Amino acid sequence: MIEASYRGGVHLPALNLWLDPSSPRTFAFVSHAHSDHTGKHGETVLSVGTSHLMRVRIGPSVCEHVLEFGDTLELRGARFTLLPAGHVRGSAQLHLETEDGSLLYTGDFKLRPGLSSERIEWRGAETLIMETTFGKPQYIFPPTEQVLSDVIAFCRDALDNDAVPVLLGYSLGKAQEILCAVAAAGLRPMLHGAVAKITRIYGQLVPGIPDFAHYKASEVAGHVLICPPSVRGSAMVRNITRRRVAMLTGWALNPGAIHRYRVDAAFPLSDHAGYDELLQYIDLVSPKRVLTMHGYASEFARDLRRRGIEAWSLISPDQLEFPGIAAVGA
Ligand SMILES: [Zn+2]
């Protein structure tokens, strides 16, 4: 089996390859363009969409191997294939075949189809390294159509009461999902500058990304304003005297989310897999071994072992029980 350890990113020593490392490395796979997955690396393997988005965010890598989904690259004695992860546009899983075996690394992913991301695909592998952000049973997301329909009802109610609906979602991925839903409902989207910048790149990558207005304080009335969560308490939002603010995040499933985020409403729109999707994905890939990371990695691995699946957290102490994995920091 392919050996793996975690030290600020997954490391595969046989190829000296890092998967989503947080600090610069000589050879890395970047699964998608969210800032906690990108870096200024030497040689990088990434998808076409991620290459475009990363250029805008942090500039190009020194040497990029840019792959279309499904294409295969032979490098350092291994076969690299990228598969869509369904998380944000361009988000990729890495399927590796080496003389030591096969491996599928999900990066961030979800099974539910999105309005602006590619639909996930999968391939069987001996080792599955997966993100487990929502790896506890209470995190099962309602169908996306239902969540978006609730969001649109919230917007219509605000507009009917001469208030501006302000929807908070991450600039890359979440905001474009919201934009597509708002435009499809016949409402008028207006975007914060940071969201507009990413959406312009999406426009080159995604057929049919809707038109939108750029934020202008004097013209905000009658629009649905889409902003990154960071502007929640800013003067830009505070100066809208009649407003209703909603946070769109998977963590909206937690009790008290409205109070935690200090908003009028919270909707569980997530670009990650819920607990049920994590389990379903393991069935689809049918690996011999599962290695977990992010969120409830340890709890989810323990849950899998109780189900008779060999599973270990890459980032938590239970890896010490597993002889094939080096300790964190080792
Ligand atoms: Zn992400």
Side-chain angles (χ1 to χ4, degrees), residues 1-23 25-32 37 39 41-47 50 65 67 69-85 87 91-109 120-132 135 273 278 281-294 297-298 300-302 304-305 308-330:
M1 284 198 192
I2 298 176
E3 234 189 277
S5 64
Y6 188 90
R7 287 179 286 147
V10 179
H11 185 226
L12 307 181
L15 300 172
N16 197 21
L17 169 65
W18 290 83
L19 312 178
D20 287 332
S22 55
S23 48
R25 301 289 179 182
T26 52
F27 185 35
F29 165 65
V30 176
S31 66
H32 65 289
H37 291 256
H41 309 301
E43 197 175 351
T44 310
V45 178
L46 72 181
S47 74
T50 298
H65 301 281
L67 288 184
F69 289 125
D71 284 357
T72 294
L73 170 74
E74 305 264 356
L75 199 62
R76 302 192 182 195
R79 286 167 63 85
F80 291 68
T81 309
L82 302 194
L83 302 170
H87 171 60
S91 62
Q93 306 169 87
L94 174 62
H95 187 269
L96 267 181
E97 293 163 280
T98 77
E99 58 185 19
D100 297 327
S102 60
L103 178 148
L104 182 65
Y105 168 74
T106 62
D108 292 345
F109 79 103
I120 190 168
E121 293 174 20
W122 55 88
R123 194 171 283 189
E126 212 172 39
T127 297
L128 172 63
I129 301 181
M130 67 190 304
E131 66 115 338
T132 53
L278 296 173
Y281 200 60
I282 293 164
D283 269 354
L284 293 168
V285 175
S286 195
K288 291 201 171 99
R289 173 180 71 161
V290 178
L291 303 176
T292 60
M293 54 189 293
H294 299 317
S298 197
F300 190 72
R302 205 176 308 127
L304 292 178
R305 292 198 295 274
I309 298 167
E310 182 181 340
W312 306 96
S313 165
L314 267 177
I315 55 173
S316 307
D318 75 347
Q319 70 185 295
L320 298 174
E321 301 162 27
F322 178 47
I325 303 290
V328 172

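Since we're looking at a predicted model, the values are computed, not measured.
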Taking the side chain as every heavy atom from C-beta outward, state whether [X] and [Y] have any atom pair closer than 4.5 Å.
X: R123; Y: V285; result: no
X: L75; Y: H65; result: yes
X: P287; Y: T127; result: no
X: I120; Y: H87; result: no
X: F300; Y: L278; result: yes
X: L82; Y: L94; result: yes
X: Y105; Y: M130; result: no
X: H32; Y: D108; result: yes

If I take atom [atom1] from residue [X] and atom [atom2] from residue [Y], how far apart are they, to the nearest 0.5 angstrom?
X: I2; Y: L291; atom1: CD1; atom2: CG; value: 11.0 Å
X: W312; Y: R305; atom1: CH2; atom2: CZ; value: 5.0 Å
X: F80; Y: L96; atom1: CZ; atom2: CG; value: 5.0 Å
X: L314; Y: T292; atom1: CG; atom2: OG1; value: 6.5 Å
X: W122; Y: L284; atom1: CH2; atom2: CG; value: 4.5 Å
X: E126; Y: K288; atom1: CD; atom2: NZ; value: 4.5 Å

If you take all heavy atoms of [X] and [Y], which pair is closest and at what distance?
X: Q93; Y: A85; result: CG-CB, 3.7 Å
X: S23; Y: H41; result: O-CE1, 3.4 Å
X: H95; Y: G124; result: NE2-O, 3.0 Å
X: A301; Y: S313; result: CB-N, 3.7 Å

Donor-acceptor pair, [X] side chain versus [Y] backbone, under 3.5 Å?
X: E99; Y: G77; value: no
X: D20; Y: S31; value: yes
X: T106; Y: E131; value: yes
X: T132; Y: M293; value: yes

Under the side chain to side chain donor-acceptor pair (under 3.5 Å) rule, collect the residues that match up with [X], sequence neighbours excluded.
X: T81; answer: T72
X: T50; answer: S47
X: S286; answer: none

Legend entry - Partners passing ring-ring contact (aromatic ring centres under 6.0 Å, His included) against F27 (at least two apart in sequence or in another chain): none
Residues 8-19, side-chain donor-acceptor partners within the protein, below 3.5 Å, at least two apart:
| unit_1 | atom_1 | unit_2 | atom_2 | d |
| --- | --- | --- | --- | --- |
| H11 | ND1 | R7 | NH2 | 3.3 |
| H11 | NE2 | N16 | OD1 | 2.9 |

Inset, instruction - Would you please test I309 and V290 for side chain to side chain contact (heavy atoms under 4.5 Å, CB included) and show each step? - result: CA-CA 8 Å; I309 298 167; V290 178; 4.0 Å; yes
Inset, instruction - Kindly state each residue pair satisfying salt bridge (charged side-chain N to carboxylate O under 4.0 Å, His left out) with at least one member in residues 70-79, sequence neighbours excluded. - result: E43-R76, E74-R79, R79-E97
Legend entry - Worked check of side chain to side chain contact (heavy atoms under 4.5 Å, CB included) between I129 and L104: CA-CA 6 Å; I129 301 181; L104 182 65; over 6 Å; no
Legend entry - Ring center gap for Y281 and F109 short of 6.0 angstrom: yes
